[in-house]
Amino acid sequence: MEYQAQMIQSAKLQLATQEDEVYRKYTEALDATTLTFTNDQGNIVAANFNNLCGLASINNGLYKNYVFRTGNDDRLIVPSDVYNGYEEYGGDDPYAFAMHMLGLNEDDLSDAESSYLKNRTNSGVSDNLADLKENMDDKVRAIANKVGFDPDDALRDVNNGESVIGLLPNENDSNYSSVKKMADEYESLKEEYRYKLYQKGGAANIYSLATGEDTENFDQELFNYYLRWGKLIQEEVGIEYCISETFYSKNFGNDADTLNQMLQSGKITVDVVNIDKTGKLTDDTTSVASDSNLAYTPTSTIDKKALAKAEAEYERDMKKIDRKDKEYDMDLNRLETERTALTTEYDSVKKVIQDNIERTFGIFS
């Protein structure tokens, strides 16, 4: 019985060790961190790929846009809908791509842009949009004259979607440097012109002219989202130099833990993306440590479910330990009662024997 009691006491000590382990797991759950970003309303939101740069980022209030790149070869990681849509689109114009993603045919887009510009000019809108277009056309004519092409034919081809790069002579040609400079100037003018054309209701009006739908049915935020990705892919010189988010896993877009691990291990990097007033895109590398909107936040403060789960598991395991401890105490009490009874019986028998011995010696003495 004493051996049994010793074994129970040893088991009680093991329960104390288990209690320490349960508490350790609970504190680890409370100390666990999640990559988060703070939006322009001051709300702290879990940061996963989809929240930071996928479709979910459209309405999350971000005034900064983020993109991710592969750590080994700096390839742009693209949302699956954008990746598949760009492959289907097959062009290289970010504005046409954005309209394509909204269901607009590129052939209808060119006519709608021309009609919109004509309507603006006829209505007397006072900005430099018409001047920019005229400067662009003049650059094309100048390039054509320089290389010996018909200016009107060259302008028609470029306005129909042909690249001005196609007008450049061979690199060994004496005119190459001067023509290349004019082509670069044209591309700069085009970037500014296209950006301004689609601002201040321009995109909605162009969409309306092409489809016949009311401008109120145009989703400007969704257009901006696809335009940003179109510009990013254009900077990469095509979708073939990018990878889809599904390259990592089917659910990578919403997998905050995997994103966090890959960032910390350097397998992917994060950039901040902005578009200025001329339509020029800037893409600068940042990090969680240096970006004021990104941080590692205690999971329990942003995920109430995680906190509730940790608390529930802690309480459940502690109740199991407490119940087992009480069972051991009951067993010890039972053993103590039996030991006391046996001790009493032992003492009683011992006394009877002693009395019998004394009486017997008394008789024979």
Side-chain angles (χ1 to χ4, degrees), residues 76 86 89-100 106-122 125-200 202-203 206 210 226-242 273-284:
L76 187 67
Y86 206 96
Y89 159 61
D92 60 0
D93 178 13
Y95 297 90
F97 165 68
M99 286 298 192
H100 166 81
E106 189 174 5
D107 294 335
D108 298 331
L109 180 63
S110 179
D111 293 338
E113 287 180 352
S114 299
S115 297
Y116 175 60
L117 180 61
K118 187 181 295 183
N119 292 343
R120 285 170 56 89
T121 304
N122 292 339
V125 176
S126 58
D127 61 17
N128 67 341
L129 198 57
D131 294 336
L132 280 170
K133 183 66 172 71
E134 187 59 36
N135 289 340
M136 287 167 55
D137 292 347
D138 288 343
K139 286 289 181 186
V140 174
R141 294 189 187 98
I143 292 172
N145 285 324
K146 191 79 172 177
V147 295
F149 291 154
D150 182 270
D152 292 333
D153 289 345
L155 182 61
R156 184 181 62 253
D157 291 343
V158 170
N159 285 337
N160 286 334
E162 296 291 334
S163 173
V164 73
I165 301 299
L167 299 175
L168 265 64
N170 187 282
E171 291 186 11
N172 296 324
D173 193 291
S174 59
N175 289 325
Y176 178 80
S177 296
S178 59
V179 175
K180 179 66 167 62
K181 181 180 179 183
M182 286 191 290
D184 290 341
E185 290 171 350
Y186 169 84
E187 292 295 340
S188 181
L189 286 169
K190 180 183 176 182
E191 186 174 76
E192 184 178 356
Y193 166 74
R194 301 274 290 163
Y195 182 73
K196 290 184 176 179
L197 182 69
Y198 279 84
Q199 294 304 302
K200 299 179 180 179
I206 291 169
Y226 287 123
L227 174 61
R228 184 174 79 246
W229 277 110
K231 282 181 169 289
L232 282 162
I233 295 169
Q234 184 186 46
E235 289 282 320
E236 300 298 309
V237 201
I239 195 68
E240 60 270 24
Y241 298 101
C242 308
V273 177
N274 287 300
I275 299 176
D276 66 18
K277 293 181 179 180
T278 66
K280 184 177 180 181
L281 180 141
T282 57
D283 180 6
D284 300 316

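Heavy atoms only, all atoms of each residue included: Tyr198 and Met99 are closest at CE2-CE, 3.6 Å. Considering every non-hydrogen atom in both Asn172 and Asn170, the closest pair reads N-OD1, 2.8 Å. In terms of heavy atoms, Tyr116 sits closest to Gly202 at OH-CA, 3.4 Å. Closest of all the heavy-atom pairs between Ala98 and Leu227 is CB-N, 3.7 Å. Summarising the geometry of Arg228 relative to Ile275, their closest heavy-atom pair is CA-CD1, 4.4 Å, with the distance given to 0.1 Å.
The shortest distance between side-chain heavy atoms of Leu76 and Trp229 falls below 4.5 Å.
Applying the side chain to side chain donor-acceptor pair (under 3.5 Å) rule to Glu191 yields no partners; only residues at least two apart in sequence or on another chain are considered. In this view, Asp108 satisfies the side chain to side chain donor-acceptor pair (under 3.5 Å) rule with no residue, not counting sequence neighbours.
Although no hydrogens or angles enter the test, the distance criterion places a donor-acceptor pair under 3.5 Å between the side chain of Ser178 and the main chain of Asn175. Using a distance-only test at 3.5 Å, with no hydrogens or angles considered, no donor-acceptor pair links the side chain of Ser188 to the main chain of Asp184. The closest donor-acceptor contact from the side chain of Tyr176 to the backbone of Leu168 lies at 3.5 Å or more, if one exists at all.
For the atom pair CD1 (Ile143) and NZ (Lys180), the distance works out to 10.5 Å, reported to the nearest 0.5 Å. Rounding to the nearest 0.5 Å gives a distance of 4.0 Å between CG of Leu197 and CD1 of Ile206. Between atom CG of residue Asp93 and atom CZ of residue Arg194 there is a gap of 4.0 Å, rounded to the nearest 0.5 Å. With rounding to the nearest 0.5 Å, the separation of NZ in Lys196 from NZ in Lys133 is 15.5 Å. Going from atom NZ of Lys139 over to atom CG of Leu155 covers 14.5 Å, rounded to the nearest 0.5 Å. The distance from atom CD1 of Ile239 to atom CD1 of Ile233, rounded to the nearest 0.5 Å, is 3.5 Å.
One finds a salt bridge joining Arg141 and Glu134 here, because a Lys/Arg side-chain nitrogen approaches an Asp/Glu carboxylate oxygen to under 4.0 Å. Contact check on Arg156 versus Asp153 returns a salt bridge, with a Lys/Arg side-chain nitrogen under 4.0 Å from an Asp/Glu carboxylate oxygen.
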Leu232 vs Asp283, side chain to side chain contact (heavy atoms under 4.5 Å, CB included): CA-CA, chis, key distance, verdict: CA-CA 8 Å; Leu232 282 162; Asp283 180 6; 4.0 Å; yes
What do the steps show when you test Leu129 against Leu117 for side chain to side chain contact (heavy atoms under 4.5 Å, CB included), and what is the final call? CA-CA 8 Å; Leu129 198 57; Leu117 180 61; 4.1 Å; yes
Audit row: Tyr86, Glu240, side chain to side chain contact (heavy atoms under 4.5 Å, CB included) steps and yes/no: CA-CA 10 Å; Tyr86 206 96; Glu240 60 270 24; over 6 Å; no
Would Val140 and Asn159 satisfy side chain to side chain contact (heavy atoms under 4.5 Å, CB included), going step by step from the backbone distance to the final call? CA-CA 10 Å; Val140 174; Asn159 285 337; over 6 Å; no
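The aromatic rings of Phe97 and Tyr89 lie tilted to each other, with the angle between the two planes from 30° to 60°.
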